[in-house]
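A short worksheet on the structure shown next.
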Amino acid sequence: GQRSIPDSYIFTRLTSPRVGSDARPRNMPKPADVMTILGSPFAEKLVTADFGIPGYQANLSSLKSEFSSYPNKTWTQTVYWSWLHSLRAIVSPKDRHYPFFMRGESWKIKSLLTALASWSELRHDTILYSKQSGAEMGEGEEEVPPKPPQPKSYVEPDLEFFNRFVLLVEQTGTTLSKHRLLSGEYLRKFSLFLDRLLKLREIVRKEVLNSEISGDEYEMLMSFSRDISSIVLPEQAGDIIDDKYKQMALVADVHTDFFSNRVLEVAVGIPQRIYVAVKDRSGASRVCVGFVYSYYEFAQPMNARLTDDEWKKNFYPSKASGIEEKEPA
């Protein structure tokens, strides 16, 4: 049967009839509710407009106290809980021990969107497992040019997140192996992914300590995306896999409002570029470019829940059109 999950519990506590009145119901929750409970001050700013709804602020405060009191044993009891535990590190406020660019409002927005997008993927991948909440009605031989200087890549220096993420990957691999849900190929893939992740964590540790990063570590960062691609795709796949399975856009409904016959959809689009000014011992001052999640949330008629294929059409036009990937209007 479906399992109770903490985020659906939060939605249930923060929607009618637990909060609200006939004059001012709250039948549709906000994903920011979950991120507020997970510790995001910026998400809480997004829900203050609902403080006037009877019972909402009191229930939100009660949930914040409840979840903040949970020990690590609770936060790591399942892979699902551990995933949320990792997101807590992403949205938590960053103090003076973090780089300057991670302490501003723009980074808080970026971190919240990252956490929401990752949570959307979690809900999408567990949609049949998790019990949903609901507001109840009741070439050539040319001369070889000199080798250019080695690019100085950078990893987001959030050591607490990487510590939790390592535990999440280890727990996921152990759990799936225990229940014999991984083939030999994917047992190897988990091992390879964990190896790369441990190397990333070591680089983050050096960044936090302002220690020097080795040339081999920078080489690893330069090939990281290629390595991850080979880990994610099945071995010997070649061109057999349809391109749509390589596209990251996805959508999931996470709450049902039976009063208005609508569902709350959360979705991930194509990644967006981010530019960050960094300064460290190894690479000095420079601008680094990377990619971050894009995130969407919207209401949809209950009888017109979107499928992944329908959602992908907003970003990946057919090859026949000759149009490149685009953002939705």
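The basis for the numbers below is simple: all heavy atoms, side chains too, and nothing from hydrogens, waters or symmetry mates.
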Between [X] and [Y], does any side-chain N to carboxylate O distance fall below 4.0 Å?
{"X": "Lys152", "Y": "Asp280", "result": "no"}
{"X": "Asp195", "Y": "Lys199", "result": "yes"}
{"X": "Lys30", "Y": "Glu297", "result": "no"}
{"X": "Glu105", "Y": "Lys110", "result": "no"}
{"X": "Arg88", "Y": "Glu160", "result": "no"}
{"X": "Asp33", "Y": "Arg13", "result": "no"}

Calculate, to the nearest 0.5 Å, the distance between atoms [atom1] and [atom2] belonging to [X] and [Y] respectively.
{"X": "Ser177", "Y": "Tyr186", "atom1": "OG", "atom2": "OH", "value": "14.0 Å"}
{"X": "Ser120", "Y": "Tyr296", "atom1": "OG", "atom2": "OH", "value": "11.5 Å"}
{"X": "Ile231", "Y": "Arg188", "atom1": "CD1", "atom2": "CZ", "value": "12.0 Å"}
{"X": "Ile53", "Y": "Asn59", "atom1": "CD1", "atom2": "CG", "value": "11.5 Å"}
{"X": "His85", "Y": "Ile90", "atom1": "NE2", "atom2": "CD1", "value": "12.0 Å"}
{"X": "Ile270", "Y": "Ser294", "atom1": "CD1", "atom2": "OG", "value": "6.5 Å"}

Give the ring-plane orientation class for Trp311 versus Phe315, where under 30° counts as parallel, over 60° as perpendicular and anything between as tilted.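 Ring orientation, 0 to 90° scale: perpendicular.
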Could you check whether the rings of Phe67 and Trp81 sit parallel, tilted or perpendicular, using 30° and 60° as the cut-offs?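 Ring orientation, 0 to 90° scale: parallel.
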For [X], is the [atom1] atom crowded, meaning more than 12 foreign heavy atoms sit under 6.0 Å from it?
{"X": "Met222", "atom1": "CE", "value": "no"}
{"X": "Asp95", "atom1": "CG", "value": "yes"}
{"X": "Phe100", "atom1": "CZ", "value": "no"}

Decide whether Met102 and Val155 are clustered together by the hydrophobic rule: side chain heavy atoms of Ile, Leu, Val, Met, Phe, Trp, Tyr closer than 4.5 Å, transitively.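 No; tracing contacts between hydrophobic side chains, which count when under 4.5 Å, never links both residues.
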Do Met35 and Trp75 share a hydrophobic cluster, counting only Ile, Leu, Val, Met, Phe, Trp and Tyr and linking them when any side-chain heavy atoms are less than 4.5 Å apart?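 Yes, same cluster.
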Can you see which heavy atom on Leu112 is nearest to which on Ser40, and at what distance?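 Answer, listing the atom of Leu112 first, then Ser40: CD1-OG, 4.0 Å.
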After noting the C-alpha distance and the side-chain angles of Asp158 and Lys94, does the key distance pass the salt bridge (charged side-chain N to carboxylate O under 4.0 Å, His left out) rule? CA-CA 9 Å; Asp158 193 337; Lys94 303 298 185 284; 3.7 Å; yes
Answer yes if the side chains of Trp83 and Thr78 hold a donor-acceptor pair under 3.5 Å, and no otherwise.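 Not at all, the side chains of Trp83 and Thr78 share no donor-acceptor pair under 3.5 Å.
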Taking atom types as modelled, is there a side-chain donor on Ser260 or Asp257 under 3.5 Å from an acceptor on the other?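 Distance-only check passes for Ser260 and Asp257.
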